[in-house]
Amino acid sequence: MSKKLVVVSAGLSQPSSTRLLADRLTEAALGELDLRGASVDLEVIELRDLAQDITNNLLTGFASPRLQSALDAVSRADGLIAVTPIFTASYSGLFKSFFDVIDNAALTGLPVLIAATGGTSRHSLALDHAVRPLFSYLRAIVLPTAVFAASEDWGGGADVTGTASLPDRIRRAGRELAAQVAVSTRSEEFVDPFALDASFDPSGMFPAR
């Protein structure tokens, strides 16, 4: 059975560095999963396309079919890559709003690779003081390596402090996610809480014996 990998990108522009980072992380994870012989069903969710649906859900409590499909994909995933731009030292409002409308038990046990983009490396701490606690609260398994990409990181070299280059960090994070996804059984165990029992008879009669 194929593993289900979902990517959530909260970039606002098009194209965006947030989506670029999400794509690089996805390539790294898929490459590692391929080495492990795992087949993968991939779904990429661009939150900018769902902004109005998310707002309406916050106001009414009801998800549109398009938003519900995205929420279901995350709930049933074996692994999640979640990437947000950093604004004012925290995740974007759109990113937070999407995870506000998902059921607070839907991410339990879900391996999550967190990543973010920002103008300068000063914003990198937001991954550990804002993004990681969000997913820990939702009882997800947040992977050790979080990837932050500042504008200067796209050059590919190590920074002056000796921190590994962005490609190196992406590869390491991809390996960590692949290791978790390869052994995950979440997508196989998912049970739709609204699914009808096999014995249900719409006529109201008892099932045939």
Side-chain angles (χ1 to χ4, degrees), residues 5-13 16-29 43-51 54 58 67 70-71 73-75 77-154 159 163-181 184 186:
L5 178 62
V6 176
V7 182
V8 171
S9 171
L12 298 180
S13 60
S16 72
S17 59
T18 301
R19 176 59 189 269
L20 177 59
L21 180 56
D23 289 344
R24 296 284 178 83
L25 291 165
T26 302
E27 290 170 7
E43 181 165 350
V44 179
I45 299 169
E46 280 276 12
L47 294 187
R48 66 188 300 277
D49 297 333
L50 295 171
I54 293 169
L58 289 170
L67 175 58
L71 297 174
V74 173
S75 299
D78 291 299
L80 172 67
I81 297 173
V83 191
T84 178
I86 298 299
F87 298 128
T88 320
S90 190
Y91 36 60
S92 73
L94 181 60
F95 184 84
K96 179 61 162 59
S97 295
F98 177 75
F99 290 102
D100 278 345
V101 300
I102 198 167
D103 185 277
N104 61 12
L107 272 63
T108 300
L110 174 63
V112 180
L113 192 174
I114 58 173
T117 57
T120 71
S121 57
R122 290 183 303 160
H123 295 299
S124 62
L125 292 176
L127 275 169
D128 284 323
H129 76 64
V131 184
R132 189 178 296 275
L134 168 65
F135 287 102
S136 294
Y137 173 79
L138 294 170
R139 297 187 288 277
I141 300 171
V142 189
L143 300 180
T145 299
V147 180
F148 181 83
S151 299
E152 62 267 23
D153 287 324
W154 295 105
D159 69 14
T163 301
S165 69
L166 179 58
D168 288 339
R169 285 177 276 142
I170 287 172
R171 283 191 292 269
R172 184 170 68 240
R175 285 194 299 270
E176 291 176 2
L177 181 61
Q180 292 288 332
V181 170
S184 172
R186 290 185 87 257

Subject >> Evaluation steps, salt bridge (Lys or Arg N to Asp or Glu O under 4.0 Å), between D100 and K96 >> reply: CA-CA 6 Å; D100 278 345; K96 179 61 162 59; 2.7 Å; yes
**OP:** Check the pair T26, V44 against side chain to side chain contact (heavy atoms under 4.5 Å, CB included), reporting the backbone distance first and the verdict last.
**Re:** CA-CA 9 Å; T26 302; V44 179; 5.6 Å; no
**OP:** Before giving the answer on side chain to side chain contact (heavy atoms under 4.5 Å, CB included), spell out for L50 and I45 the whole-Å C-alpha distance, their side-chain angles and the decisive distance to 0.1 Å.
**Re:** CA-CA 9 Å; L50 295 171; I45 299 169; 3.7 Å; yes
Subject >> Evaluation steps, side chain to side chain contact (heavy atoms under 4.5 Å, CB included), between T84 and V131 >> reply: CA-CA 9 Å; T84 178; V131 184; 4.2 Å; yes
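Contact detail for A140 and V112: the closest heavy-atom pair is CB-CG2, 3.7 Å. Nearest heavy atom pair, residue A150 against residue G119, reads CB-O, 4.2 Å. The minimum heavy-atom distance linking G11 with P85 is given by the pair N-CD, 4.2 Å. Closest non-hydrogen pair, D128 versus P133, comes out as O-CD, 3.3 Å. Across every non-hydrogen atom of A77 and V6, the tightest pair is CB-CG2, 3.7 Å. Considering all non-hydrogen atoms of both residues, F148 and L166 come closest at O-CD1, 4.1 Å.
For R132 (side chain) and P144 (main-chain N/O), a donor-acceptor pair under 3.5 Å exists by modelled atom type. Side-chain atoms of S97 come within 3.5 Å of backbone N or O of G93 as a donor-acceptor pair. A donor-acceptor pair under 3.5 Å is absent between the side-chain atoms of D23 and the main chain of L20, judged by distance alone. The closest donor-acceptor contact from the side chain of R186 to the backbone of T108 lies under 3.5 Å. Without hydrogens or angle criteria, S75 side chain to L71 main chain gives a donor-acceptor distance under 3.5 Å. Not a single donor-acceptor pair under 3.5 Å links the side chain of S90 to the backbone N or O of A130. Side-chain atoms of R169 do not come within 3.5 Å of backbone N or O of V147 as any donor-acceptor pair. Within the 3.5 Å criterion, the main-chain N or O of I170 finds no donor-acceptor partner in the side chain of R24. A donor-acceptor pair is defined here as one N or O able to donate and one able to accept, closer than 3.5 Å; such a pair exists between the side chain of E176 and the backbone of T145.
Within the model, atoms CG of D153 and CG of L21 stand 9.5 Å from one another, a figure rounded to the nearest 0.5 Å. Taking OG of S184 as the start and CD1 of I141 as the end, the distance is 8.0 Å to the nearest 0.5 Å. The structure places CZ of R175 at 12.5 Å from CG of L143, a figure rounded to the nearest 0.5 Å. Interatomic distance, L47 CG to L94 CG, rounded to the nearest 0.5 Å: 5.0 Å. The distance from the CD1 atom of I86 to the OH atom of Y91 is 9.5 Å, given to the nearest 0.5 Å.
F135 has its ring centre less than 6.0 Å from the ring centre of F99.
Side-chain contact between F87 and L12: present, with at least one pair of heavy atoms (C-beta onward) separated by less than 4.5 Å. Contact check for V74 versus I102: side-chain heavy atoms found under the 4.5 Å cut-off. Put simply, the side chain of I81 does not reach to within 4.5 Å of the side chain of V8, judged on heavy atoms. Using a 4.5 Å cut-off on side-chain heavy atoms (C-beta onward), V83 and L25 make contact. Between L67 and I54, the closest side-chain pair of non-hydrogen atoms falls below 4.5 Å. Side-chain contact check for D78 versus P111: every heavy-atom pair is 4.5 Å or farther apart.
Between the side chains of T18 and S9, not a single donor N or O lies within less than 3.5 Å of an accepting N or O.
Not counting sequence neighbours, the partners of E46 by the salt bridge (Lys or Arg N to Asp or Glu O under 4.0 Å) test are R19.
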